[in-house]
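Remember, it's a predicted structure, so these values are computed and weren't measured experimentally. Note on naming: letters A, B, ... go to the chains in the order of the sequence lines (proteins, then strands), and numbering restarts at 1 for each one.
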Amino acid sequence: MKKTDDNERPLVEIIDIKKYFKTPFGLLHAVDNISLSISRGKTLGIVGESGCGKSTLGRVVLRLIPPTDGKILFNGENILDYDKKKMRLMRQKMQMIFQDPYSSLNPRKTVYEIIAEPLVVNCIFDSKRKINERVLFMMETVGLAERFINTYPHELDGGRRQRIGLARALSMNPQFIVCDEPVSALDVSIQAQILNLLMDLQDSLGLTYMFITHDLSVVKHISDEIAVLYIGQCVERAPSRELFQNPIHPYTKILLSSIPVPSLKSRSIQREVVKGEVTDPINPKPGCRFAPRCKYYKPECLSEELELKEVKPNHYVMCRLFG
Amino acid sequence: MNNEIKNKLLEIRNLKVVYETDLDTIYAVNGISFELDKGQTLGIVGETGAGKTTTALSILRLLPQDIGKITEGNIIFEGEDLTLVSESMMRKIRGEKISMIFQDPMTSLNPVLSIERQLLEALELHNTQNRDKNQLKARVDEMLELVGIPKNRKHEYPHQFSGGMKQRVVIAMALACNPLLIIADEPTTALDVTIQAQVLSMMKELKEKLGMSMILITHDLGIVAETCDKVAVMYAGEIIESGSIEDIFGREKHHPYTVGLFGSIPNLEIETPRLSPIDGLMPDPTNLPSGCKFHPRCPEAMEICSEELPPIIEYGSHTIVCHKFKKEGGVNEKN
Amino acid sequence: MSERPNKSVFDKKYSKKSQKKEIWRRMKKNKLSIIGLVIFCILVIIALSADFIADYEELAIKQHGDIRLQKPSKEHIFGTDQYGRDLLARMVHGSRISLGLGFFTTGISLAIGGFLGAMTGYYGGIFDEIVMRLMDILLSIPALLLAIAIVSALGPNMINLLIAITISQIPGFTRIVRSTVLTVVGEDYIEAARACGSKDFRIITNDVLPNAIGPIIVQGTMSVAKMILLAAGLSFIGLGIQPPQPEWGYMLSEAREYMRDYPHLVLIPGIAIAISVFSINLIGDGLRDALDPRLRN
């Protein structure tokens, strides 16, 4: 066991992160003042619809794109202050799994080359024999048969490809993995296989995940805590069970009621359907961004900037009316 | 309901479709049969490569030329066998009597024509009632209103609409000629959940209002539970289980594959620490396993499963194609 | 290049499907490109064995006043030219210059253009802007005109000819490499490589270029043909190879006075240029299809 304060401190802390993109029409607020933290060995689920900034947030956390403002603490140290060399070393501890197993693997490399790449780049092992052993071990860990070692990604199916991506991410023994929609491109039965694998690996290797997805049933299954994003802002954050049992923000409620449930009961339930379209994230107006679609809308919702307030222990909401 | 034969809109009998390429033959659909009554919605569920889309394309005779072939079976629509009618006749049926909604709304809309133009074109192509231009334009407005798009946006181009709006336009185009049957191939897969809920509830409403039949192809059991009257579960080009919505979602007895599908979805209501997925992968469609196509992945496989084709076992409207239920004495055993 | 498993241990255990073999298998399916390849190989063999076929000094350079302008015969299969030189000897030795020039200039301009294209495509920004505007300026001048300008400024000789046609081809390569690199850079696996801690140089050589190589190779083969034509054109107007060196384009130009009475003097070099360009283009077409990994059959 390490020092106690090391264990209490969250592994990753995201503090006031902003990421704006310049567009011909103005500033696109992809991520707007989001603060989150993820404890060691836990999973933080990030849910939101397309364009809410969840993928951008994932990339900013790994410093694959530089944020406009804010801090990212990893083990208490701000990685945005690191120089290139230090950051490269840091990358061994934080990895990413991508959504599309068809575009995240270099089609000209064999499975072996893809999994060995991080090891070679970072000069982790001094001999090829050790690299070979590590690659075989990683393949076994993620459930890829040895015979695929010299095949090319396009010869394999989506599930196996996602396993390659996972093996690549895990090959350097990282502590933290950002999973950007890792199962959305897969068929349900394969999706379940990968989700189980991710959870088993978390248990055995003590991994910390940031799990980005638009699929609420998946996020509930895998996450300890969930943050709901809407147009660059975190509108609600709570432990997984709490969020599903007592959603507070109107957007979260609608999101939850929109999931088609595979049971007969769902036919009789009259579902809440939102009217209106998503607000433009370019130069958004102050105040609640969900207000134009919200059925509880009151003029004061747009009066001032909102903050995430703790309404119950560990349950944060950004809403004037229910916060 | 007094005359059952008249009520039947579509009947598919023992349909087999293959794709032939230079190298090999893909057995996409291997002898499926189902019926669809007027006003009914049939959900076809299955994973990638199960043959769902191929089934839909064969009904419309839109299989890729020279490669895709219907080798056996009949598609009887309003008493006429669609595998036999002429190409010009088929062109009339498409859009006018059967229309299709594709997964990606962007690819089914022409980016350089305004929404109004595209809808008008669809109407003009099938202008059986000889309506004049103004009447057609009025019909366009009516259609847009039906799918909830403000009339004043009809002069805009597809890129000016969001994904959900685009899919509404596509639906409006599909409905424009009052078809008897709509085939929707994963109509909401490309959309966000809240938008998906909007589109689905709209489709449900419209279907009831206009009294059409619908075949909904999807991989999402949730969507099926909510919108369909009948369900067919496909695996490797075969319907391995079918029945009414109550049969599939309410009964205990299921094909092991269906059980696996349900086990793969994280349940929102019950806490499950682990999912129970189906092991293995979809079989290679060029080299399908003998006997029951599912037996290599089936947790309950017996010796007989790899040797003999499974029997069709019927429990009223509920049919399961599996050896497992033979002993239990399903009624009206066939095959 | 990244390391493959230790040969002795791994290759015995797992048979690796070679991508080269795959490419060759797909290439073989295209009959036309195989015809092109065969013709091209014959041309290369002729060029390499020129000295064995005909003596350079005696037959290709030295003038023989007594046997001027002979029609094809047993002694001189292609006949002789206006100075009594054996046309076959000149054609054979000329192939060395024409083909060598085509490949050499393509190689150099591909290297420079490829480097610039990869850099601009990968980094973008101001560097990209400056380089690409420069290339636009070069592109706005027709290649032949540009080469003429360069050769006339530097003086007509072999080296200057090479420089001129090389420069005229650089913008084309820069453009094509940049645009393919741009599409590759957008792929997730580039981001994955970055997330692994790879350095930019390694990403460019290991991930970007191998995936952009298809269009580059195709453009390259097309360019060889273009270069031969360009050199022939320049020599034709007297700005390229200087006499008495045998070069196809120049031979064509020299012979045009005698075209009416001795058409073979024009036809033979003309057909030779046409055949080599044609064969290389066929190979280029075949390669383009064979290199696309998505066309698996």
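A 6.0 Å sphere centred on OH of B/Tyr27 holds no more than 12 heavy atoms belonging to other residues, nucleotides or ligands. A 6.0 Å sphere centred on CD of B/Glu145 holds no more than 12 heavy atoms belonging to other residues, nucleotides or ligands. Crowding of A/Glu140 atom CD: a count of heavy atoms from other residues, nucleotides or ligands under 6.0 Å not exceeding 12.
At a threshold of 4.5 Å between non-hydrogen side-chain atoms, the residues A/Pro262 and B/Val224 do not count as touching.
Distance CD1/A/Ile254 to OG1/B/Thr194: 8.0 Å, rounded to 0.5 Å. Atom CG of A/Asn196 and atom CG of B/Leu275 lie 5.0 Å apart (nearest 0.5 Å). Distance OG/A/Ser217 to CG/B/Asp220: 8.0 Å, rounded to 0.5 Å.
Contacts of B/Leu261 with chain A are made by side-chain atoms alone, with heavy-atom separations under 4.5 Å and no backbone atom involved. Only the side chain of B/Ile265 has a heavy atom closer than 4.5 Å to any heavy atom of chain A. Both the backbone and the side chain of A/Ile190 come within less than 4.5 Å of a heavy atom in chain B.
Of the residues listed (B/Glu47, B/His219, B/Met282), the one engaging A/Ser189 in a side-chain contact (heavy atoms from CB on, under 4.5 Å) is B/Glu47, and it is the only one.
The two residues B/Ala225 and A/Val261 have their closest heavy-atom pair at CB-O, 3.6 Å. When all heavy atoms of A/Arg293 and B/Ile195 are compared, the closest pair comes out as NH2-CD1, 4.1 Å. Considering all non-hydrogen atoms of both residues, A/His221 and B/Pro266 come closest at CB-CB, 3.7 Å.
Comparing B/Ser276, B/Gly49, B/Gly280, B/Gly148 by how many heavy-atom pairs each has under 4.5 Å with chain A, the most go to B/Gly280. When each of A/Met199, A/His214, A/Arg241 is checked for heavy-atom pairs under 4.5 Å with chain B, A/Arg241 comes out on top. The residue among A/Leu195, A/Asp215, A/Asp200, A/Asp187 with the most heavy atom pairs within less than 4.5 Å of chain B is A/Asp187. Ranking A/Leu255, A/Val188, A/Leu216 against chain B, the residue ahead of the rest is A/Val188, based on heavy-atom pairs under 4.5 Å.
A distance-only check finds no donor-acceptor pair linking the side chain of A/Gln193 to the backbone of B/Pro277 [under 3.5 Å].
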Under the criterion side-chain hydrogen bond (donor to acceptor under 3.5 Å, both in side chains), I'd like the reasoning laid out for A/Gln191 against B/Ser264: C-alpha separation, chi angles, the key distance, then a yes or no. CA-CA 7 Å; A/Gln191 182 173 328; B/Ser264 299; over 6 Å; no

